[in-house]
2 protein chains.
Amino acid sequence: MHSILSFLNPDLPEDKILLEDFNSKIQFKSFQKGRLLYRPGSRCNHLYFVQKGLVRASYFKKGKDVSCHFTKEGQVCTAIDAFFQRTPTQYQLEFLEDSDLVEISYSDLHELFERYPKFNNYGRELMIQEYGILVERLNHLQFYTAKERYAFFMEEHRDLFQRVSLGHIASYLGISQETLSRIRNNQ
Amino acid sequence: MHSILSFLNPDLPEDKILLEDFNSKIQFKSFQKGRLLYRPGSRCNHLYFVQKGLVRASYFKKGKDVSCHFTKEGQVCTAIDAFFQRTPTQYQLEFLEDSDLVEISYSDLHELFERYPKFNNYGRELMIQEYGILVERLNHLQFYTAKERYAFFMEEHRDLFQRVSLGHIASYLGISQETLSRIRNNQ
DNA sequence: TTCATTTTTTGATAATTGTCAAAAGTAATT
DNA sequence: AATTACTTTTGACAATTATCAAAAAATGAA
């Protein structure tokens with residue numbers, strides 16, 4: 001079962017129906033490292049669930065490539081705001097590793113929303129979750145030093161430090177690459 | 001009609017029904033300057049529409065009072081994440097002016113969600129809107145100097161500068177009060 | 001008006017972090 | 001193994017902004 005559906009109980013008949021319906025709508029896709037899922041300006045017509053691999057969302061700001069999101073196994077991947085607003089995304093989504101995704105289209109997802117009351121709030125919950133992550137990032141950026149932010153990141157995403165380059169993590173944390181390098185070594 | 005319902009067309013019979021249903025569920029409330037709507041730890045069981053007045057959301061961080069939101073006429077007011085997650089809020093909501101609000105309860109709102117397909121996506125859209133605001137704040141905090149952030153704020157919320165104290169705006173922008181004072185005068 | 005409280009301003013200083021430039025290290029390809 | 005490209009580290013320096021302390025200004029109440 002996909003992480004998105006963890007709130008279901010496959011023993012309940014009505015949940016089983018939902019599950020079957022869901023399974024009839026999804027597609028499995030694989031992408032190679034380095035490939036792009038979206039470029040800035042793309043329409044985001046699908047929601048993805050990462051089964052294996054790693055995706056980086058980024059954008060250009062003041063001539064620099066800035067990371068704003070990493071999505072790994074078990075997480076939902078898309079340009080969340082653009083997906084729900086039906087607008088072009090400003091981000092680039094790029095595979096940092098060979099990845100396997102489950103794909104569902106916006107319209108199919110909406111069909112599920114309408115068909116299953118239990119599923120209906122999923123979209124909002126997804127937004128709330130992402131909102132919470134943003135609140136925390138803002139909080140870190142506003143109140144903690146670069147050193148502290150690095151420490152938080154390591155606590156929560158130690159595994160990513162092995163899989164993502166220093167520069168990408170630095171821009172995600174709002175720190176220059178040089179400073180992050182110093183922080184990592186000095187201590 | 002309330003700003004929340006601006007997507008409705010009162011000439012359509014089905015929208016008229018929604019509107020009447022909505023009106024039967026709301027309450028009008030007035031609060032005096034200085035009163036609190038929520039304290040940290042409060043349950044947020046209502047959504048408010050500010051008709052007149054100004055509300056400030058804040059929290060304590062490192063011994064300081066930090067503003068994170070101002071809500072004025074025409075805007076929706078609550079601790080948005082706590083409201084939808086049904087968890088206690090971490091914020092304090094305080095009236096900076098005598099204010100008139102329209103109140104609707106979480107359960108009534110949900111009834112409307114379920115009863116009117118057209119209304120159903122409202123909750124998600126609210127979250128998307130707030131998400132967009134946060135993305136922008138994060139962006140400003142990460143890439144612009146205090147001076148630039150002040151300029152942005154003045155462009156978008158010139159009116160608030162008259163109505164909110166310098167210290168409150170400083171903490172909202174992630175700037176010390178002294179620095180904001182200097183920025184405002186130096187130029 | 002006067003006193004008390006709150007808010008804003010000013011000055012001096014220190015700390016954090018970014019920037020630029022170059023070197024060192026690592027990985028990938030021929 | 002050698003070349004090339006990319007990533008990380010190091011050094012020197014400058015700029016932005018916070019902090020602390022105190023003065024000035026504004027607000028509100030008696």
Side-chain angles (χ1 to χ4, degrees), chain A residues 32-36 54 56 58 60-67 70 92 94-98 137-154 158 160-187, chain B residues 32-36 54 56 58 60-67 70 92 94-98 137-154 158 160-187:
Chain A
Q32 287 198 308
K33 174 175 174 175
R35 286 271 319 270
L36 300 183
L54 186 56
R56 181 178 80 100
S58 62
F60 265 83
K61 185 83 190 179
K62 300 189 168 180
K64 281 180 188 163
D65 169 286
V66 178
S67 302
F70 301 101
Q92 176 174 88
E94 168 203 5
F95 294 97
L96 295 184
E97 302 173 356
D98 292 348
R137 278 191 70 194
L138 192 81
N139 187 38
H140 283 186
L141 206 53
Q142 188 164 2
F143 298 108
Y144 297 98
T145 64
K147 200 171 201 162
E148 289 169 323
R149 277 178 271 154
Y150 164 80
F152 284 129
F153 187 90
M154 285 304 274
R158 178 168 290 279
L160 286 187
F161 227 94
Q162 259 67 36
R163 299 161 75 184
V164 181
S165 82
L166 187 76
H168 288 159
I169 290 171
S171 72
Y172 176 78
L173 294 174
I175 306 172
S176 75
Q177 193 186 143
E178 295 92 329
T179 298
L180 187 55
S181 169
R182 276 183 259 258
I183 286 171
R184 177 210 251 173
N185 296 324
N186 279 17
Q187 54 179 7
Chain B
Q32 286 198 312
K33 175 175 172 171
R35 286 271 318 272
L36 299 184
L54 186 56
R56 182 178 80 101
S58 63
F60 265 83
K61 185 83 190 178
K62 300 188 169 182
K64 281 181 188 162
D65 167 289
V66 178
S67 303
F70 302 101
Q92 176 175 88
E94 168 203 5
F95 294 97
L96 296 184
E97 302 172 358
D98 293 348
R137 278 191 70 195
L138 192 81
N139 188 36
H140 283 186
L141 205 55
Q142 187 165 3
F143 298 109
Y144 296 98
T145 63
K147 199 172 203 165
E148 289 169 323
R149 277 178 272 153
Y150 164 80
F152 283 129
F153 187 90
M154 286 304 274
R158 177 168 292 279
L160 287 186
F161 226 95
Q162 261 67 37
R163 301 160 73 183
V164 181
S165 81
L166 187 77
H168 288 159
I169 289 171
S171 71
Y172 175 78
L173 293 175
I175 306 173
S176 75
Q177 193 185 144
E178 295 92 329
T179 298
L180 187 56
S181 169
R182 276 183 258 259
I183 286 172
R184 176 210 249 174
N185 296 325
N186 279 15
Q187 52 180 9

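Throughout, protein chains are lettered first and strands after them, A, B, ... in sequence-line order, and every chain is numbered starting at 1. Keep in mind it's a predicted model, so treat the numbers as computed, not measured.
In this structure, the side chain of A:Glu148 does not engage the main chain of A:His140 through any donor-acceptor pair within 3.5 Å. The main-chain N or O of B:His168 is found under 3.5 Å from a side-chain atom of B:Ser67 such that the two form a donor-acceptor pair.
Each of B:Arg163, B:Lys33, B:Gln32 was checked for a side chain to side chain donor-acceptor pair (under 3.5 Å) with B:Glu97, and the lone residue meeting it is B:Arg163.
Along DNA chain C, the nucleotide nearest A:Tyr144 and the nucleotide nearest A:Glu178 are compared for position; the residue whose nucleotide lies closer to the 5' end is A:Tyr144. Of the residues near DNA chain D, B:Lys33 and B:Ala146, the one whose nearest nucleotide (by heavy atom distance) lies more toward the 5' end is B:Ala146.
As judged by a 4.0 angstrom heavy-atom cut-off over every strand, A:Lys64 is placed among residues touching the sugar-phosphate backbone only.
Considering only the side chain of A:Ile175, C:dG18 comes nearest among D:dT10, C:dG18, D:dT7. The B:Thr179 side chain lies nearest to D:dT17 when the options are C:dT8, D:dT17, D:dT8.
The shortest side-chain heavy-atom distance between A:Tyr172 and A:Arg137 falls under the 4.5 Å cut-off.
Taking atom CG of A:Leu180 as the reference point, atom C1' of D:dT10 lies 15 Å away to the nearest angstrom. Atom NZ of A:Lys147 and atom P of C:dA15 are 14 Å apart (whole Å). D:dT16 atom C1' lies 17 Å from atom CD of B:Gln142, rounded to whole Å. If you measure from atom CD of A:Gln177 to atom C1' of C:dA21, you get 14 Å, rounded to the nearest angstrom. When rounded to the nearest whole Å, the span between CG of B:Leu141 and P of D:dT16 equals 17 Å. Going from atom CZ of A:Phe143 over to atom P of C:dT16 covers 18 Å, rounded to whole Å. For the pair B:Arg182 CZ and D:dA23 C1', the interatomic distance rounds to 13 Å; values are reported in whole Å. One interatomic measurement links the two molecules: CG of A:Leu166 to P of D:dC6, which rounds to 17 Å at whole-angstrom precision.
OP1 or OP2 of D:dT9 has at least one side-chain nitrogen or oxygen of A:Arg184 nearer than 4.0 Å. For the OP1/OP2 pair of C:dG18 and a distance below 4.0 Å, the side-chain nitrogens and oxygens of A:Ser176 include at least one atom meeting the criterion. Contact between the side-chain N/O atoms of B:Ser165 and the OP1/OP2 oxygens of C:dT7 is not found at any separation under 4.0 Å.
Nearest heavy atoms, A:Ala146 versus A:Ile183: CB-CD1, 3.5 Å.
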